[in-house]
Number of protein chains: 2
Amino acid sequence: MKIAPLSGFPEWLPDGRIVEQKILDTLRATFELHGFSGIETRAAEPLDQLLRKGETSKEVYLLNRLQGGDAQDAELGLHFDLTVPLARYVLENKGRLDFPFKRYQIQKVWRGERPQDGRFREFVQADVDVVGADTLAFHHEIELPLVMVDALSKLPVPRVVVRASNRKVAQGFYEAIGIEDVAETLRIVDKLDKVGPAAIAEMLADGVGANQQQAELALALADISGADASVADQIRGLGYSSELLEEGLEELVGLIEGANELIPGSVVADLRIARGLDYYTGSVYESTMIGHEDLGSVCSGGRYDSLVSDGKKAYPGVGLSIGVSRIISRLINQGIVTPSRKVPTCVLVAVNDEGERRHGEKTAMELRKRGISADVSPNSAKFGKQIRYADRRGIPYVWFATEEGEQVKDIRSGEQVSADPTLWEPPAEDLYPELIEN
Amino acid sequence: MKIAPLSGFPEWLPDGRIVEQKILDTLRATFELHGFSGIETRAAEPLDQLLRKGETSKEVYLLNRLQGGDAQDAELGLHFDLTVPLARYVLENKGRLDFPFKRYQIQKVWRGERPQDGRFREFVQADVDVVGADTLAFHHEIELPLVMVDALSKLPVPRVVVRASNRKVAQGFYEAIGIEDVAETLRIVDKLDKVGPAAIAEMLADGVGANQQQAELALALADISGADASVADQIRGLGYSSELLEEGLEELVGLIEGANELIPGSVVADLRIARGLDYYTGSVYESTMIGHEDLGSVCSGGRYDSLVSDGKKAYPGVGLSIGVSRIISRLINQGIVTPSRKVPTCVLVAVNDEGERRHGEKTAMELRKRGISADVSPNSAKFGKQIRYADRRGIPYVWFATEEGEQVKDIRSGEQVSADPTLWEPPAEDLYPELIEN
């Protein structure tokens, strides 16, 4: 049997999985505190739905039944995000869902990246979206990034700041300064961090026919950022105006002021953001983990006027997605977070000899009844060996049936006391593995 | 956009997902109480590993990168169970795992069944296994089915009884009565319920050259069942004996007596079980949910002497797998279990007018800080409409900022009282959606 890790398909040892599970539980609990319903969608979608946006076609994993022969089904592929499945789910169940529909979804997604790219081909995303029927109020554009800030602030990770822009501001501004091809302009400005302002000016000239002044204005817009209404003043200070631009500025200021009033320091305006602006129609969000900027945006999203439409009704939405595996991979691989033990077990019940195993099992059952994870020693070796068994796994307590009665030993301190399995309780911090930030 | 459910890929509405999530949480919590570590393995495995057992080849979904062209990777398929991935994971990480390695795994698996068969093609399995290095004590064959009985007893499902047999008993007995082709005999006896004893006798004559007496003895063995040591006496009473048979009987009685001493009524011996005996080497388990026998076995497994081997060392194991989706699908589709509400939300904070929305959001934040799920009304319609919004979702409480101060209304009883968002608590049973058995 040939054994090798598959590049791009991350897996964790049991201690790493404890870290991952705790993080997923925290995300889930926070999303539910905010009133979002959890759903799971099937891993497979019809290929034509996966390819609706065209440019992602390169990333899809196709499914074929090995023995399907000519009887293959309609072409299916694995979902590469959780937005396409949400759109399909909303349309399929529109008569049975209550709108605005607030849902979270934490699932694996797959992308058929080229193996040499070193990217994840299987990873977990955590999405929150709210989807309206026909209309969706602006205040959800303040609500949704704050759900993510709240969730991320509860994780053992460095602080995350959401950076926001607005499609109406960008489009309104570019049109006001006389640039017509907004989409191409956004694609070019998106490369600013990579190639620098001089190259961008050239590319704007070549790509959208921008003159020197237009290029300078586009670059000046991209330089604007801030955490309050002065951002709008800076943009207006560039000297251009339009109805769309004003509408966008009102939204952008509304977002920044509203968000920071509820959670100070949560959201800053950053007009450099261009990614996603070809798709989103209002607010757009990226976010950076302080000290881990090289990870790129760990949480992104925006407002779309029509997630999906059935021809009669459009379903506008706003949502964000956390790239969970990218964060967890960093935490585990750099040892930033480790669990307090490698197993869920709180108590190892020692076994004097095999004839007393049944007694030990009953002791473990009593502990479990009261929510204390307990395991019975797999062998009746010398107690020293059984204690080492616990120690190697980080199990804090070993339980003994001695001639003086039942006793429990904290193997970290060596303290051993008499105990009744129907009454004894560990300190709360020993009940479950906890995460330790190193 | 063409929308249709995909046959074999079950999905739930948000209320069904609450049922599923609660059941998955209960399984996980129980497995951890017993000291099992959770792991997740990647969805894809190399095809040659998936096909090691040959007979499952028809069920595999192959993966191909849509734009991979000639640069396809080694052939990959989606896992169709969680045992093949466990074997690979153990071998890949053998130097980093502690043995005996107790792991649980709750994940989706995929089978490329023919669409017309009406079977699930994507479904959730919940597995527990313990894997030893070189050796694994017999007592784990008592431990593992009891973990599942404990887990299933905590679910809102009818009682589940584990039925057990033992490979050594079957093989020892068939060999003692002079039947040589044990594997084929097991395959034939497995059809007993479907075709009846007369047809089985004929098939045994044709398939393994059994004479009338041998066929009658094989059928007599299959008729034996019971919950105590008398099962061994019945088998011995058929008049045959061998070392292997006696070893098997000792194990079978040890399992039945040990399991029922710890959890009365948990395990019965049933010598009719033939499935899996070609693969398992000791105890083998099936289980039936009382009143839902048509579902087939909802939890199966057994002992294998070598889950996997690296040539130098073999890794024996014992484990069971619950077909979670089959159970959940029954619970949801027959309405056996429903959640007490359709959303996680406990409190809807009403909004008088949009100018007061920020105040409502702060109220919700206070509630969430203390673990109370709260949502703010998406609009500032008349209060009657906002109450209907809560009622439609089953949200029990609506919070108002009135001229007399903050008040909270239980919309089921109509009772409305003054309340402080930093202090008020709902009764424990209203905090989360609960499952109601209908």
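Protein chains get the first letters and strands the later ones, always in sequence-line order, with residue 1 at the start of each.
- Between chain B and the options R96(A), R358(A), E361(A), R392(A), heavy-atom pairs under 4.5 Å are most frequent for R358(A).
- For the pair I263(A) and M365(B), the tightest heavy-atom approach, listed with the atom from each and the gap, is CG1-CE, 4.0 Å.
- For Y389(B), the part lying under 4.5 angstrom from a heavy atom of chain A is the side chain only.
- Heavy-atom distances place no part of L136(A) under 4.5 Å from chain B, backbone and side chain included.
- Shown here for I39(A) and R17(B), the closest heavy-atom pair between the two residues is CA-CG, 4.0 Å.
- For R28(B), the part sitting under 4.5 Å from any heavy atom of chain A is the side chain, from C-beta outward, and nothing else.
- Contact annotation for Y432(B): neither backbone nor side-chain heavy atoms come within less than 4.5 Å of a heavy atom of chain A.
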Go through the steps for E261(B) and K362(A) under the test salt bridge (Lys or Arg N to Asp or Glu O under 4.0 Å), then give the verdict. CA-CA 10 Å; E261(B) 184 185 336; K362(A) 288 175 182 171; 2.9 Å; yes
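- The candidate from D25(B), L262(B), L146(B), T345(B) with the greatest count of non-hydrogen atom pairs under 4.5 Å with chain A is L262(B).
- At a 4.5 Å heavy-atom cutoff, the contact between F99(B) and chain A is made by backbone atoms alone.
- In this structure a side-chain-to-backbone donor-acceptor pair under 3.5 Å is missing from E92(B) to I3(A).
- Heavy-atom distances place the side chain of L97(B), and not its backbone, under 4.5 Å from chain A.
- Only the side chain of L78(A) comes within contact range of chain B, with at least one heavy atom under 4.5 Å from a heavy atom of that chain.
- If you measure heavy-atom distances from P433(B) to chain A, you find no contacts under 4.5 Å at all.
- Remark: Y61(B) OH to L62(A) CG distance equals 12.5 Å, nearest 0.5 Å.
- Residue contact with chain A, scored on non-hydrogen atoms closer than 4.5 Å, is absent for D310(B).
- When each of Q21(B), R357(B), R103(B) is scored by its heavy-atom pairs under 4.5 Å with chain A, the top score falls to R357(B).
- Both the backbone and the side chain of K342(A) come within contact range of chain B, each with at least one heavy atom under 4.5 Å from a heavy atom of that chain.
- The main-chain N or O of P378(A) is found under 3.5 Å from a side-chain atom of H139(B) such that the two form a donor-acceptor pair.
- Annotation: maximal heavy-atom pairing with chain A below 4.5 Å, among I18(B), V343(B), N93(B), D375(B), occurs at D375(B).
- Remark: the backbone N or O of L33(B) is paired with a side-chain donor or acceptor of R368(A) at under 3.5 angstrom.
- When atom types are taken as modelled, the side chain of E122(A) and the backbone of A43(B) share a donor-acceptor pair closer than 3.5 angstrom.
- In terms of heavy-atom pairs under 4.5 Å with chain A, the best-connected choice from V376(B), D98(B), V130(B), D15(B) is D98(B).
- The greatest number of non-hydrogen atom pairs below 4.5 Å with chain A, out of G16(B), G258(B), A364(B), is found for G258(B).
- Contact check for L66(A) versus L47(B): side-chain heavy atoms found under the 4.5 Å cut-off.
- Once rounded to the nearest 0.5 Å, the distance linking CD of E45(B) with CG of L6(A) reads 7.0 Å.
- For chain B, the option among Y89(A), W110(A), F36(A), W12(A) with the highest count of heavy-atom pairs below 4.5 Å is Y89(A).
- Ranked by heavy-atom pairs under 4.5 Å with chain B, the list H34(A), E20(A), E32(A), E143(A) is led by H34(A).
- If you measure heavy-atom distances from I142(B) to chain A, the contacts under 4.5 Å come from the side chain alone.
- S37(B) places no side-chain N or O within donor-acceptor distance of the main-chain N or O of P14(A), the cut-off being under 3.5 Å.
- If you tally non-hydrogen atom pairs under 4.5 Å between each of R111(A), E354(A), E40(A) and chain B, the highest count goes to E40(A).
- Note: P344(A) leads A29(A), G35(A), G371(A), P344(A) in heavy-atom pairs under 4.5 Å with chain B.
- E11(B) places a side-chain N or O within donor-acceptor distance of the main-chain N or O of R42(A), the cut-off being under 3.5 Å.
- Residue Q105(B) does not touch chain A at all, counting heavy-atom pairs closer than 4.5 Å.
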